[in-house]
Colleague: 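This structure is in structure tokens; I'll ask about it shortly.
Each chain gets a letter, A, B and so on, in the order the sequences are listed, and its residues count up from 1.
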Protein chains: 2
Amino acid sequence: MRPGGRTARVRASVLRAAGDALVERGLGALDLADVARQAGVGKTTVYRRWGTVAVLMADMLAEMAEHSAPRSDTGSLLGDLTANADLVRRTLCDPRQGALFAALIAAATADERTARELRGFYDARIAEWAPCVSRAMDRGEVPAGTSPQEVIRAVSAPLYYRLLTVGEPPDAAAAAQAARAAAVAAAAGVYIR
Amino acid sequence: MRPGGRTARVRASVLRAAGDALVERGLGALDLADVARQAGVGKTTVYRRWGTVAVLMADMLAEMAEHSAPRSDTGSLLGDLTANADLVRRTLCDPRQGALFAALIAAATADERTARELRGFYDARIAEWAPCVSRAMDRGEVPAGTSPQEVIRAVSAPLYYRLLTVGEPPDAAAAAQAARAAAVAAAAGVYIR
DNA sequence: CTCTTAACAGTACTCTAGTTCCGTTACCTT
DNA sequence: AAGGTAACGGAACTAGAGTACTGTTAAGAG
């Protein structure tokens, strides 16, 4: 593997073309030959380096993970969870990122490798935000023994659920509601492991 | 359309074969020609009546909807929500139904018709369980103005989230946790519209 | 019981996603 | 700056998913 120069340019333009195609025509119509043409790259190259749509999606996710967002510290659990919910909401509402996540989750149900990649991504994101809950535990806002990971997941769950089953990205009210629900339940000791 | 006899037998055996193939080899490897062969049915028939994998999935969902489960009435909101959570959990844990739902949600992200069918299914299910919350509202367990639909969705969300992002079906503890979280948040007035 | 016709089955065909092969480019080392 | 090689590009090829056509079966009406 040669990381620099041409190889990196090819990867970047293929991933960009794949993202465009995903937003415009959806996951079902994603054709590697089309992506190659749109990226100005040989069809053979795309098939050799990625091979399947699922692998390509996994690589798009890996590229996203390279640019992670910082977490907040507002001083209260509800404030931090609201910030987290709003970050998730903004991600899912973004035409490119929202479509990418929906497609990734779909691809993960059919391809184990994509599923592992996706799980790794979420584990990293959740681990990054877990300290919000730990600090709230130290402050006495939530009972001892609460699982920080479960609280963070509880914030994301309704937002993803809405995107995937209702079919539309969550709005600001839904994000605020998700954060409040998680904060209230955590304070009541629901997420004690 | 002739509803009885041969047509119904063909539909049943095709849907069964499609379900088998879905569980064994996954959504990605679902081939209509294979399904036809496995069902002991002409390939032409499958292509004529369904045409695409997404349409076939939508029909599988429609068949499922024909056998809906009754809702509970335990007398308390937490009891009813727990019953609902356990019903959802059992559905998602069932090898056939769990795989079917994961595949359906995946197909819905790529195909608008499947998405509509799926939304209709969930709307019906949620409407069936919403009275649990309305009755709790009458009893004074949750504040007036609470959206019953939102409470029911809040129960399902973490279970589906776990299935789709963690990759494994939820266990009984997760179901109980989801029910308690929704009940506590509802009582605190989080789901007032 | 007989006739009509909706729906099914088999075969031959098409068309394109995916593969193979080989020649070319350009990155990296010394 | 010059060679070695990893990676790219183009064209021809293959396989199998999906289609078109024709003949057959059986559900249902009278």
Colleague: How many whole angstroms separate atom CG of B:Leu56 from atom P of D:dA17?
Modeller: 15 Å
Colleague: Does B:Tyr122 have any ring-ring contact (aromatic ring centres under 6.0 Å, His included) partners at least two apart in sequence or in another chain, and if so, which?
Modeller: B:Tyr160
Colleague: side-chain hydrogen bond (donor to acceptor under 3.5 Å, both in side chains): which pairs involve residues 21-35 of chain A, sequence neighbours left out?
Modeller: A:Asp34-A:Arg37
Colleague: Taking distance alone, no hydrogens or angles, what donor-acceptor pairs closer than 3.5 Å link side-chain atoms of residues 181-193 of chain B to residues at least two apart or in another chain?
Modeller:
none

Colleague: How does protein reach along nucleotides 14-25 of chain C, written 5' to 3' as B (base within reach of a heavy atom under 4.0 Å), S (only sugar-phosphate), or - (no contact)?
Modeller: ---SBBBB---B
Colleague: Hey, are B:Glu150 and A:Arg162 close enough for a salt bridge, meaning a charged N less than 4.0 Å from a carboxylate O?
Modeller: yes
Colleague: Listed by chain and number, what are the side chain to side chain contact (heavy atoms under 4.5 Å, CB included) partners of B:Val55, not counting sequence neighbours?
Modeller: B:Trp50, B:Thr52, B:Arg113
Colleague: Please list, chain by chain and in numerical order, all residues satisfying side-chain hydrogen bond (donor to acceptor under 3.5 Å, both in side chains) with B:Arg180, sequence neighbours excluded.
Modeller: none
Colleague: Side-chain donor-acceptor contacts of residues 92-103 of chain B below 3.5 Å, not counting sequence neighbours, with atom names and distances?
Modeller:
from	atom 1	to	atom 2	distance (Å)
B:Asp94	OD2	B:Arg96	N	3.1
B:Asp94	OD2	B:Gln97	N	2.8
B:Arg96	NH1	B:Asp20	OD1	2.5

Colleague: Is any side-chain nitrogen or oxygen of A:Arg49 closer than 4.0 Å to OP1 or OP2 of D:dC8?
Modeller: yes
Colleague: Looking at D:dA27, I'd like to know if its phosphate oxygens (OP1 or OP2) sit under 4.0 Å from a side-chain N or O belonging to B:Arg9.
Modeller: yes
Colleague: Would you mind writing out the side-chain donor-acceptor pairs for residues 165-179 of chain A within the sub-3.5 Å range, not counting sequence neighbours?
Modeller:
from	atom 1	to	atom 2	distance (Å)
A:Thr165	OG1	A:Tyr161	O	2.9
A:Asp171	OD1	A:Ala173	N	3.4
A:Asp171	OD1	A:Ala174	N	2.9

Colleague: Angle, rounded to 10°, between the helical axes spanning five pairs at each terminus of the helix from C:dC1-D:dG30 to C:dT30-D:dA1?
Modeller: 50°
